[in-house]
*Asks:* 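Got a structure here, written out as structure tokens. Questions coming.
Residue numbers start at 1 and run along the sequence shown.
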Amino acid sequence: MTDIADRPLNGTVAALVERSNRLGANPKNTNYAGGNTSAKGVETDPVTNEDVELVWVKGSGGDLGTLKPAGLAALRLDRLRALVDVYPGVEREDEMVAAFDYCLHGKGGAAPSIDTAMHGLVDSAHVDHLHPDSGIAIATAADGEELTRKIFGDAVVWVPWRRPGFQLGLDIAEIKAQNPQAIGCILGGHGITAWGGTSEECEANSLKIIDTAAEYIEANSKAEPFGPALDGYAALPADERRAKAAAIAPAVRAIASKDRPMVGHFTDTDAVLDFLSSAEHPRLAELGTSCPDHFLRTKVKPLVLDLPGTASAEEMATRLKELHEPYREDYQAYYDRNATQDSPAIRGADPLIVLVPGVGMFSFGKDKQTARVAGEFYVNAINVMRGAEGVSTYAPIDEAEKFRIEYWALEEAKLQRMPAPKPLATRIALVTGAASGIGKAIAEKLAAEGACVVVADLDLTKAQDAASAIGNTDVAVGVRVDVSDEDAVHAMVDAAVLAFGGLDLVVNNAGLSLSKPLLETTVQDWDVQHDVMAKGSFLVSRAAAKVLIEQELGGDIVYISSKNSVFAGPNNIAYSAVKADQAHQVRLLAAELGEYGIKVNGVNPDGVVQGSGIFAGGWGAKRAEVYGVEEKDLGKFYAQRTLLKREVLPEHCANAVFVLCGPNMTHTTGLHVPVDAGVAAAFLR
């Protein structure tokens, strides 16, 4: 028997993946991780060597645009269809999801999605279920059924709202059987489904429904779907709105993180700004989203600031805090009205979408990708509202149905299956001097432990390269900063809060050193080192502390000081003096910021030669000359003078930072941790 793992990819599967990737690559067709596709075909059973009919369906939670064969669930078609005979009815249809597991063919593959029945029971070789904005606009129009007939004739059939599940699969299968001329259907409040005898035909039918709906909306929409412009609510100029967004971001994150810390994302696209500048945006925002994929990620409705963009940042922050408690009370009331004894516990009452007229949208999630996707979904919702209001009236599914989806037992089970978060999940870190050496190692360590990381460095290209090596922009971004420049420091902090919604963990690592004896140390030598490390640390800590305090989430500030802050070595007056300054800043800020839950600690490294920008920039040669060794042997020399006889590497410093900021050192502030392999003369007293 041929090794199963070596069997070539089934041609039907290859075509399905290619079709899925094409459809998913274009946002007009479906949203991220939204919709699913399928294909039916034959494969030889490796055990019996007989042909078996299968259906391959995109699995639960996957994304069409990036789908690979492993992201498909393969099910035996005969067994899937046989489930019709044991279906207990719509009141118990959730039980059918577990039954799909008994229809699976072979090992591996993805978990079958809730829509599997739709794909298996519809009598067509290929089926697409998608969430296009144009299709959902018709699906959420008050007269969607009439519009469907008007736009498509009998080629596309209206399906009244029904929650995704086995019964919806039966309904669509019956519609396909009763309407042989049809190419698909509009699912009320939800999306579209199309089918075809070949993969090409199915894809063409999906695109025909999507494009025909879009063309109809374009040709027939009223001039101002969202109503006339609101006086004073126009979008601010780009620089002004982003500055205001950065100014209010800490207050917005405090609102979104009362129940649990969240990572944020800021969006100021034209779609968002146009929506918020129009008279009908309060009414439409209150109606909430409709497509299940939308409100699962955005909550049923956003928090909307009722001030124009011309209001000051202080006025905006104050008003947002005033609106927060009524929002929470409203969400709690929504939960209480709809929850049953079997409902999962409330998942928090804070908003996931915060809309600020003239400025843009803040979206939140457990990580940056989730926050970004939540924002993308609300943009989808805005597009849906525009389309529906343009040709009719936007009429999403009712509140009770939304609750049934949001607090679906199956959705709760999916959440419970998620892996445990990493120790620094939801934390946003800013590391200065992070393009090389200790700073780079710290940035890499914090990201590996779950944090979002802003890599800041004097060299923008190196900062961006270091960030790219860590991960994509959902994980790390690179920014330029001269920490001795007050405006540059503020710009760096603004970039951080706009990238990830706020700040939690700040590492003052930027530094340089000039190794000279007293009589050779110039005023310029003294000033440049104090500007970067003493003044720079002060500026970074001050700007960061403002954000940390406003967020009301506590936080960490860590100084990378030095063994030299307590050890008097030769020919090192300026560097050692400034490191002592940094060391005392730790104590001073720990005393001042403790009342806000902000911990301030330090790390005192020594002899970190490998990867060090300071040592590579001439410091190593100078220190080697002082100690009478070859520069290449400097690390080994430092190791031999330690108690442990071990060379100190950048990752050892990174480990110390993680310990100070991690879950096991929550009650420690004002501490300096030596990372020097043991230098008795530098013991803290």
*Asks:* How long is the straight-line distance from CG of Leu514 back to CD of Gln529, given to the nearest 0.5 Å?
*Replies:* 4.5 Å
*Asks:* Ignoring hydrogens, what is the shortest heavy-atom contact between Ala543 and Val493? Give both atom names and the distance.
*Replies:* CB-CG2, 3.8 Å
*Asks:* Return the minimal non-hydrogen interatomic distance between Ala271 and Val379, and the atom names on each side.
*Replies:* CB-CG1, 4.3 Å
*Asks:* Output yes when a side-chain donor or acceptor of Thr668 lies under 3.5 Å from a complementary backbone atom of Met665, and no otherwise.
*Replies:* no
*Asks:* Does Ala476 offer a backbone N or O that forms a donor-acceptor pair with the side chain of Lys368 under 3.5 Å?
*Replies:* no
*Asks:* Is it true that Ser537 and Gln582 share a donor-acceptor pair across their side chains at a distance under 3.5 Å?
*Replies:* yes
*Asks:* Taking side chain as C-beta onward, heavy atoms only, is Pro663 less than 4.5 Å from Pro423?
*Replies:* yes
*Asks:* With distance as the sole criterion, is a donor-acceptor pair present between the side chains of Asp63 and Thr66 under 3.5 Å?
*Replies:* yes
*Asks:* Checking Ser576 side chain against Ile573 main chain: does a donor-acceptor pair fall under 3.5 Å?
*Replies:* no
*Asks:* For Leu424 and Gly662, work out which heavy atoms get closest and say how close.
*Replies:* CD2-CA, 4.2 Å
*Asks:* Indicate the atoms forming the closest heavy-atom contact of Val455 with Ala466, along with that distance.
*Replies:* CG1-CB, 4.1 Å
*Asks:* Identify the heavy atoms of Ala245 and Val359 that sit nearest to each other, and give their distance.
*Replies:* CB-CG1, 3.7 Å
*Asks:* Going by heavy atoms in the side chains, are Val540 and Met492 under 4.5 Å from each other?
*Replies:* yes
*Asks:* Do side-chain atoms of Asn564 reach the backbone of Phe567 as a donor and acceptor pair under 3.5 angstrom?
*Replies:* no
*Asks:* Donor-acceptor pair, Thr432 side chain versus Ala510 backbone, under 3.5 Å?
*Replies:* yes
*Asks:* Using 0.5 Å steps for rounding, measure from the CZ atom of Phe500 to the OG1 atom of Thr426.
*Replies:* 13.0 Å
*Asks:* Any chance NZ of Lys68 has more than 12 other-residue heavy atoms, nucleotides or ligands included, within less than 6.0 Å?
*Replies:* no
*Asks:* When you look at Asp268 and Arg242, which way does the salt bridge (charged side-chain N to carboxylate O under 4.0 Å, His left out) test go after all the steps?
*Replies:* CA-CA 8 Å; Asp268 60 348; Arg242 292 186 73 80; 3.5 Å; yes
*Asks:* Does any part of the side chain of Val507, heavy atoms only, come nearer than 4.5 Å to the side chain of Val657, both counted from C-beta?
*Replies:* yes
*Asks:* Does a side-chain N-to-carboxylate-O contact under 4.0 Å join Arg328 and Asp259?
*Replies:* yes
*Asks:* With a 6.0 Å cut-off on the ring centroids, do Tyr407 and Tyr335 count as close?
*Replies:* yes
*Asks:* For atom CD of Glu322, is the number of surrounding heavy atoms from other residues, nucleotides or ligands below 6.0 Å larger than 12?
*Replies:* yes
*Asks:* Has Asn604 got a side-chain atom pairing as donor or acceptor with Val673's backbone, closer than 3.5 angstrom?
*Replies:* no
*Asks:* Just jot down the salt bridge (charged side-chain N to carboxylate O under 4.0 Å, His left out) partners of Glu376, sequence neighbours excluded, or say none.
*Replies:* Arg372
*Asks:* Do Leu320 and Val252 have side chains that approach each other closer than 4.5 Å (heavy atoms only, starting at C-beta)?
*Replies:* yes
*Asks:* Would you compute the distance between atom NZ of Lys445 and atom CZ of Phe658 and round it to the nearest 0.5 angstrom?
*Replies:* 5.5 Å
*Asks:* Whether the side chain of His265 engages the backbone of Ser363 through a donor-acceptor N/O pair (distance < 3.5 Å, no angle test) should be reported.
*Replies:* no
*Asks:* Give the C-alpha distance, both sets of side-chain angles, the deciding distance and a yes or no for side chain to side chain contact (heavy atoms under 4.5 Å, CB included) between Val481 and Leu458.
*Replies:* CA-CA 5 Å; Val481 68; Leu458 189 60; over 6 Å; no
*Asks:* Answer yes or no: is there a donor N or O on one side and an acceptor on the other, between the side chain of Thr318 and the main chain of Glu314, under 3.5 Å?
*Replies:* yes
*Asks:* Decide yes or no for Leu305 and Met316: does some side-chain heavy atom of the first lie under 4.5 Å from some side-chain heavy atom of the second?
*Replies:* yes
*Asks:* State, yes or no, whether a side-chain contact exists between Leu352 and Pro302 at a heavy-atom distance under 4.5 Å.
*Replies:* no
*Asks:* Less than 4.5 Å apart, side chain to side chain, heavy atoms only: is that true for Val373 and Arg297?
*Replies:* yes
*Asks:* Test Ile382 against Val272 for side chain to side chain contact (heavy atoms under 4.5 Å, CB included), laying out the working first.
*Replies:* CA-CA 7 Å; Ile382 289 172; Val272 173; 4.1 Å; yes
*Asks:* Strictly by modelled atom types, are Tyr559 and Ser541 linked by a side-chain donor-acceptor pair under 3.5 Å?
*Replies:* yes
*Asks:* Find the distance between NZ (Lys299) and OH (Tyr331) and round it off to the nearest 0.5 Å.
*Replies:* 4.5 Å
*Asks:* Under 4.5 Å between any side-chain heavy atoms of Ile428 and Leu505, yes or no?
*Replies:* no
*Asks:* Would you kindly say whether Gln332 and Tyr327 are connected by a side-chain donor-acceptor distance under 3.5 Å?
*Replies:* no
*Asks:* If only atom types and distance count, is the side chain of Arg427 paired as donor or acceptor with the main-chain N or O of Asp504 below 3.5 Å?
*Replies:* yes
*Asks:* Is a side-chain donor or acceptor of Arg587 paired with a backbone partner of Val600 at a separation under 3.5 angstrom?
*Replies:* no
*Asks:* Stepwise, does the side chain to side chain contact (heavy atoms under 4.5 Å, CB included) test hold for Ser513 with Asn572?
*Replies:* CA-CA 9 Å; Ser513 183; Asn572 210 7; 4.3 Å; yes
*Asks:* Identify whether the distance between the nearest side-chain nitrogen and carboxylate oxygen of Asp676 and Lys563 falls below 4.0 Å.
*Replies:* no
*Asks:* Return yes if a side-chain donor-acceptor contact under 3.5 Å exists between Lys535 and His530, otherwise no.
*Replies:* no
*Asks:* What's the separation between atom CG in Asn508 and atom CE in Met533, rounded to the nearest 0.5 Å?
*Replies:* 11.5 Å
*Asks:* If every non-hydrogen atom of Ala447 is compared with every non-hydrogen atom of Val475, which pair is closest and at what distance?
*Replies:* CB-CG1, 4.2 Å
*Asks:* Salt bridge or not for Arg253 and Asp350, using N-O below 4.0 Å?
*Replies:* no
*Asks:* Do Asp531 and Ser484 pair up side chain to side chain, a donor and an acceptor below 3.5 Å, judged on atom types alone?
*Replies:* no
*Asks:* To the nearest 0.5 Å, what is the distance between SG on Cys661 and CD1 on Ile442?
*Replies:* 9.0 Å
*Asks:* Using the rule given for side chain to side chain contact (heavy atoms under 4.5 Å, CB included), can you reason through His652 versus Val608, listing the C-alpha separation, both sets of side-chain angles and the distance that settles it, and then say yes or no?
*Replies:* CA-CA 9 Å; His652 300 140; Val608 184; over 6 Å; no
*Asks:* Applying side-chain hydrogen bond (donor to acceptor under 3.5 Å, both in side chains) to Gln369 and Tyr32, what does each step give before you reach the verdict?
*Replies:* CA-CA 11 Å; Gln369 184 194 49; Tyr32 175 81; 3.2 Å; yes
*Asks:* Apply ring pair (Phe, Tyr, Trp, His ring centres under 6.0 Å) to Phe538 and list each qualifying residue two or more places apart in sequence or on a separate chain.
*Replies:* none
*Asks:* Is Lys599 paired with Asp556 through a side-chain N to carboxylate O contact shorter than 4.0 Å?
*Replies:* yes
*Asks:* Quick one: do the Asn655 and Glu651 side chains pair a donor with an acceptor below 3.5 Å?
*Replies:* no
*Asks:* Let's go through Asp465 and Ser468 carefully: what are the C-alpha distance in whole Å and the side-chain angles of both, what is the deciding distance for side-chain hydrogen bond (donor to acceptor under 3.5 Å, both in side chains) to 0.1 Å, and is it a yes or a no?
*Replies:* CA-CA 5 Å; Asp465 288 346; Ser468 296; 5.4 Å; no
